[in-house]
J.: 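Structure below; questions to follow.
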Amino acid sequence: MLKLAGLEALVLTEQSNFVNIGERTNVTGSRAFLRMIKEGDFEAALAVAREQVEGGAQVIDINMDEGMIDGKAAMVRFLNLVAAEPDIARIPIMIDSSKWEIILAGLKCLQGKGIVNSISLKEGEATFIAQAKEIRRFGAAVIVMAFDENGQADSFERRIEICERSYRILVDQVGFPQDDIIFDPNIFPVATGMEEHANNALDFFRATKWIRSNLPGAHVSGGVSNVSFSFRGNNKVREAMHAAFLYHATANGMDMGIVNPSMLEVYSEIEPELLTRVEDVLLNRRPDATERLLEFAETVKGDVKQQTADLTWREQSVEKRLAHALIKGIVEFIDTDVEEARQQVERPIQVIEGPLMDGMNQVGDLFGSGQMFLPQVVKSARVMKKAVAYLLPYIEAEKDGKQQAAGKILLATVKGDVHDIGKNIVGVVLACNNYEIIDLGVMVAPQVIIQTAIEQNVDAIGLSGLITPSLDEMVHLAKEMERAGLTIPLLIGGATTSKVHTAVKIEAHYPSGAVIHVLDASRSVTVVESLLGTKKPAFLSALRTDYEKIRVHHAKHQAAKELLPLAQAQANALQLEFNAETMALPKQLGVQLHEPSIEELVPYIDWTPFFQTWDLHGKYPQILSDTVVGEAASKVFADAQQLLAQVIADQILQCKGVSGIFPANSVGDDIEIYDVQTKEVLHRQITLRQQTKKVAGQANMALADFIAPKISGLQDYIGAFVVTAGLGIEHYISDFDAKQDDYNSIMIKALADRLAEAFAEYLHAHVRKETWGYAPQENLENQALIAEKYRGIRPAPGYPACPDHLEKLGIFSLLDATKQIGVTLTESLAMWPAAAVSGWYFAHPDAKYFGLGKITQEQLEDVAKRKGENAADIERWYSSILV
């Protein structure tokens with residue numbers, strides 16, 4: 001069983017039909033494709049690939065071997081563009097090259113599981129084994145040519161000799177999975193007029209049968225078009241030859257082949273006389289077979305078959321066309337269809353209230369029943385927005401032209417916070433359900449939210465926040481809403497929010513209204529409908545009962561937790577060994593700037609959180625084949641690849657980072673960081689210590705435990721970093737917003753976030769292997785990096801081991817990050833651009849991530865003293881962890 005995959009899986013079993021490998025994206029086999037690549041017309045080249053898929057190709061062969069082009073660069077660029085086209089990228093890719101550096105570059109660009117075409121024994125066993133091991137490391141299948149040190153196999157005997165030798169090396173010495181081995185026993189032209197070529201096809205058939213019978217698991221492929229080279233220019237004959245060749249080759253066990261599916265006749269539909277003459281040649285049935293086929297070829301003409309997209313839905317009524325476009329997210333025909341619908345009603349508003357809302361109601365029903373998923377809904381909203389934008393001038397021309405909304409919702413990201421992806425998705429989902437949305441954006445002050453809510457007479461306020469200081473802003477806003485005498489329901493959402501925090505910390509400060517935690521965007525419609533309709537009294541009664549249970553449980557849980565006095569926790573600190581090995585001497589101290597290309601960061605992306613952004617839950621890549629969300633996940637992933645390719649091509653998003661490694665020592669729970677030259681204290685990092693009582697043998701940890709104590713007399717080191725992938729993003733966002741394209745506006749932010757995290761992963765690897773250099777031989781694949789299988793940690797302020805956002809000030813000061821790379825801190829210490837990551841580097845082999853948990857007022861006062869601050873002035877920064 002051979003398992004391949006693009007965005008979709010392709011499993012080849014004994015019962016599978018022949019797998020067509022599209023050949024037209026090959027510069028050596030298509031002059032038109034070569035011209036496109038030479039001229040840099042990659043859009044046209046992509047169209048060729050799409051035609052192959054639409055024509056029935058299940059794998060596409062990509063070859064860039066031509067002396068006048070940079071094959072490696074062309075391969076990388078084209079594969080990145082293909083990855084962004086879901087209609088193409090859904091099928092596996094075959095990287096076809098005679099140059100190993102091109103194959104290797106291509107492997108780094110592949111998503112899913114592809115095929116390498118090809119390797120052989122022509123350069124000897126050592127090279128063959130080395131290349132096979134590398135291909136296996138990338139997880140690809142491989143085509144092995146029947147070619148050895150003595151040349152290409154041109155007889156039945158040579159074919160099976162080379163294939164058997166190759167198989168035994170791959171299976172016995174390399175440990176290559178036998179099901180991932182595909183042999184190409186060489187398809188040579190027939191009907192050339194040379195007697196030694198008469199058995200070319202017949203020997204291929206015989207060798208194929210032998211391979212399938214004697215080399216377990218192995219598959220057979222070949223370049224089918226080679227057989228008909230003698231008839232170039234006569235498509236009719238070539239189509240017949242390809243079909244007949246495949247008929248006999250598959251009967252003998254050939255299970256895949258490189259063939260242009262749009263240039264392939266159906267075997268049973270070949271004209272009988274033509275078929276007879278073709279098979280006479282292929283099977284070498286008579287000595288004059290070539291002359292007879294040449295004679296017949298002069299009498300037939302033909303053109304390549306053309307494939308067309310399925311547009312049968314365009315034949316339906318305009319109402320059904322609009323519904324189809326909304327459900328499928330198709331924008332191409334929306335202006336035409338909306339205009340047609342407008343001509344059929346008395347007033348333009350009736351198009352919105354009628355067929356468009358009917359279509360959106362279908363979207364809502366499908367979403368609610370789990371048959372559509374969030375990315376699809378956002379695409380539907382894009383179509384709806386474009387339709388409304390088309391109608392708006394006609395509606396405004398009428399004095400009373402106004403659509404009746406289901407309700408008016410104000411949305412805002414709270415003061416000091418710059419993250420808005422979740423908020424924007426909620427806005428789109430609610431807008432799809434006929435709610436009017438007033439979006440105030442990010443970093444919105446409480447007085448602005450309250451004033452706008454009053455002036456606009458909104459039905460509900462939705463607050464979003466990602467960083468922990470945002471929780472305090474939400475509490476503050478609830479207090480201000482109560483003080484202003486409001487009763488407007490308050491919706492709470494965002495990554496750091498929770499039902500427990502809402503019940504325990506926020507609701508008590510807004511008794512006149514209702515405070516509701518919204519878990520994710522998919523729940524927003526149900527919550528708002530319950531708040532604004534007849535269900536409101538029962539909904540709020542049940543909510544308050546639930547929140548009271550949460551508060552009681554929380555109080556009991558907190559009482560059950562025993563927190564140690566600070567001195568006792570410090571006495572149980574983690575005791576580590578510090579020596580030359582655990583305190584590796586950095587190869588380069590001080591501050592460094594980094595500006596990697598986006599292409600360099602893509603391999604480091606952890607895609608699982610990307611899907612969580614879209615309320616699609618599952619681990620990548622398994623989520624793409626999930627029985628429930630797999631289809632939606634595959635589509636949103638394909639759209640992400642398409643936009644990512646655009647980002648790479650346009651080079652608008654800039655990735656900038658700054659890192660530094662400094663001498664350091666711990667002093668109690670603090671870390672002194674020294675100037676590289678003068679050894680003066682540049683910064684004193686204040687770390688927090690776990691106070692929860694531990695079982696015997698477990699330490700109460702603080703990050704300072706991972707740095708050698710100053711009293712030891714040993715010199716240790718610490719690193720810091722700030723990276724961003726969001727510089728330039730506003731250009732994209734404003735462009736998408738101007739086009740009413742919420743889907744891509746959200747998508748670009750989600751991608752920038754993933755690239756920023758990938759940058760942090762990339763830079764940490766660079767530090768481990770080069771700058772600090774304590775792991776120079778490290779060679780981890782991305783999944784191992786995601787699983788943190790490396791030595792050292794990079795805790796970030798605001799996260800469990802280092803929840804103190806104030807520590808960002810030290811990082812930014814040490815690295816001069818704002819001046820160096822343009823990343824700034826808001827008053828709540830959120831980073832701007834939002835797609836940014838900062839943190840510390842600890843290199844001790846026993847350093848590990850941990851959760852701080854709760855701390856007491858005693859530790860808060862101790863921290864304030866060490867910082868030289870008043871405890872009351874900094875308490876708000878610790879409210880989420882303070883008992």
Side-chain angles (χ1 to χ4, degrees), residues 73 76-77 79-81 83-84 105 108-109 111 418-421 466 588 591-607 609-610 613 640-661 719-736 744-772 782 785-786 794 796-797 808 811-812 814-825 830-841:
V76 169
R77 181 179 178 187
L79 285 176
N80 284 334
L81 291 171
K108 295 176 182 179
C109 300
Q111 56 189 2
V418 298
H419 301 88
D420 65 352
I421 296 178
L466 181 68
Q588 186 168 353
V591 177
Q592 286 188 314
L593 291 175
H594 311 273
E595 292 191 41
S597 66
I598 295 176
E599 293 96 322
E600 291 177 278
L601 301 183
V602 169
Y604 292 87
I605 292 178
D606 177 5
W607 286 104
F610 168 81
T613 298
Q641 299 305 308
Q642 181 175 2
L643 186 54
L644 183 58
Q646 182 185 344
V647 169
I648 292 171
D650 293 351
Q651 296 184 344
I652 291 180
L653 276 189
Q654 295 178 10
C655 302
K656 290 187 177 182
V658 58
S659 67
I661 303 173
F721 71 94
V722 181
V723 298
T724 181
L727 298 170
I729 194 173
E730 293 304 318
H731 168 86
Y732 272 113
I733 294 172
S734 60
D735 186 44
F736 288 134
N744 277 310
S745 180
I746 293 167
M747 182 70 78
I748 188 64
K749 296 174 186 176
L751 281 177
D753 283 351
R754 289 297 87 219
L755 287 168
E757 293 288 349
F759 194 171
E761 197 73 81
Y762 160 90
L763 186 55
H764 194 193
H766 175 77
V767 168
R768 293 192 302 271
K769 292 190 285 186
E770 298 181 35
T771 313
W772 204 323
N782 196 34
L785 294 176
I786 293 170
R794 52 174 180 89
K808 288 179 187 171
I811 293 174
F812 272 65
L814 278 170
L815 302 175
D816 198 12
T818 298
K819 181 179 179 181
Q820 296 276 25
I821 62 172
V823 179
T824 59
L825 293 171
M831 289 176 286
W832 181 260
V837 183
S838 63
W840 301 101
Y841 292 135

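Start at 1 with the first residue, then count along the sequence. These figures come from a predicted structure and were not determined experimentally.
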J.: To check you understand the geometry: which heavy-atom pair defines the closest contact between Leu763 and Ser659, and what is its length?
T.: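 Heavy-atom minimum between the residues: CD2-CB, 4.0 Å.
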
J.: The criterion is ring pair (Phe, Tyr, Trp, His ring centres under 6.0 Å); which residues satisfy it with Phe759, sequence neighbours excluded?
T.: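 Counting only residues at least two positions away or on another chain, Phe759 forms no ring pair (Phe, Tyr, Trp, His ring centres under 6.0 Å).
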
J.: Restricting to non-hydrogen atoms, name the atom on Pro596 and the atom on His594 that form the minimum distance, rounded to 0.1 Å.
T.: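 Residues Pro596 and His594, closest heavy atoms: CD-C, 3.6 Å.
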
J.: Can you find a pair of side-chain heavy atoms, one from Cys655 and one from Val723, that are under 4.5 Å apart?
T.: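 Sidechains of Val723 and Cys655: no contact.
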
J.: Sequence neighbours excluded, which residues qualify as salt bridge (Lys or Arg N to Asp or Glu O under 4.0 Å) partners of Arg754?
T.: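 Per chain and number, Arg754 pairs via salt bridge (Lys or Arg N to Asp or Glu O under 4.0 Å) with no residue.
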
J.: Over all heavy atoms of both residues, which pair between Ala836 and Ala756 is shortest? Give the atoms and the distance, please.
T.: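 So the two residues come closest at N-CB, 3.9 Å.
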
J.: Rounded to the nearest 0.5 Å, what's the gap from CE on Met747 to CD1 on Ile733? Could you check?
T.: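 Here the rounded value is 13.5 Å.
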
J.: At their closest point, which heavy atom of Ala725 faces which heavy atom of Leu755, and how far apart are they?
T.: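 Distance-wise, the nearest heavy atoms are CB-CB, 3.6 Å.
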
J.: Is the closest side-chain heavy-atom distance between Met831 and Leu825 below 4.5 Å?
T.: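 Yes, their side chains come closer than 4.5 Å.
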
J.: Pick from Thr771, Leu815, Val767: which one makes a side chain to side chain contact (heavy atoms under 4.5 Å, CB included) with Gln592?
T.: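 Result for side chain to side chain contact (heavy atoms under 4.5 Å, CB included) with Gln592: Thr771.
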
J.: Taking the side chain as everything from C-beta on, heavy atoms only, tell me whether Val837 gets closer than 4.5 Å to Phe721.
T.: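 Of all side-chain heavy-atom pairs linking Phe721 with Val837, at least one is under 4.5 Å.
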
J.: Taking the side chain as C-beta and beyond, is there a heavy-atom pair between Leu814 and Trp840 under 4.5 Å?
T.: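 Counting from C-beta outward, Leu814 and Trp840 do come under 4.5 Å.
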
J.: In Å, rounded to the nearest 0.5 Å, how long is the span from CD1 of Ile821 to CD of Gln654?
T.: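 The distance works out to 11.5 Å.
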
J.: Check the orientation of His764 and Tyr841. Use parallel for under 30°, tilted for 30 to 60°, and perpendicular for over 60°.
T.: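 If you compare the ring of His764 with that of Tyr841, the planes turn out parallel.
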
J.: Say you draw a straight line from CG of Leu601 to CD of Glu757; how long is it, rounded to the nearest 0.5 Å?
T.: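 That separation rounds to 12.0 Å.
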
J.: Below 4.5 Å, heavy atoms only, C-beta onward: do Ile598 and Leu644 meet side chain to side chain?
T.: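 Yes, close enough: below the 4.5 Å cut-off.
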
J.: Taking atom NZ of Lys656 and atom CG of Leu593, what is their separation to the nearest 0.5 Å?
T.: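 If I round to the nearest 0.5 Å, the distance is 8.5 Å.
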
J.: Kindly give the heavy-atom pair with the smallest separation between Pro797 and Gly839, and that separation in Å.
T.: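 Reported closest heavy-atom pair: CD-CA, 3.9 Å.
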
J.: Closest approach of Val76 and Ala105, non-hydrogen atoms and distance?
T.: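 The pair with the smallest heavy-atom distance is CG2-CB, 3.8 Å.
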
J.: When you compare the side chain of Lys108 with that of Pro603, does any pair of heavy atoms fall below 4.5 Å?
T.: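 A side-chain contact is absent here, since even the closest heavy-atom pair is not under 4.5 Å.
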
J.: With side chain to side chain contact (heavy atoms under 4.5 Å, CB included) as the test, pick out the partner of Val658 among Val722, Val823, Thr724.
T.: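 Only one of Val722, Val823, Thr724 forms a side chain to side chain contact (heavy atoms under 4.5 Å, CB included) with Val658, namely Val722.
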
J.: Hey, are the side chains of Glu761 and Arg794 touching, using non-hydrogen atoms and a 4.5 Å cut-off?
T.: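 Touching, per the 4.5 Å side-chain cut-off.
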
J.: Roughly how far, to the nearest 0.5 Å, is the CD1 atom of Ile786 from the CD1 atom of Ile605?
T.: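 Atom-to-atom, Ile605:CD1 and Ile786:CD1 are 10.0 Å apart.
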
J.: Parallel, tilted or perpendicular: which one describes the rings of Trp607 and Phe610, with boundaries at 30° and 60°?
T.: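 Trp607 and Phe610: perpendicular rings.
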
J.: To the nearest 0.5 Å, what is the distance between CG on Asn782 and CG on Asp606?
T.: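 With rounding to 0.5 Å, CG (Asn782) is 7.0 Å from CG (Asp606).
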
J.: So Leu643 and Leu751, do their side chains get closer than 4.5 Å, heavy atoms only?
T.: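 A side-chain contact exists here, since the closest heavy-atom pair is under 4.5 Å.
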
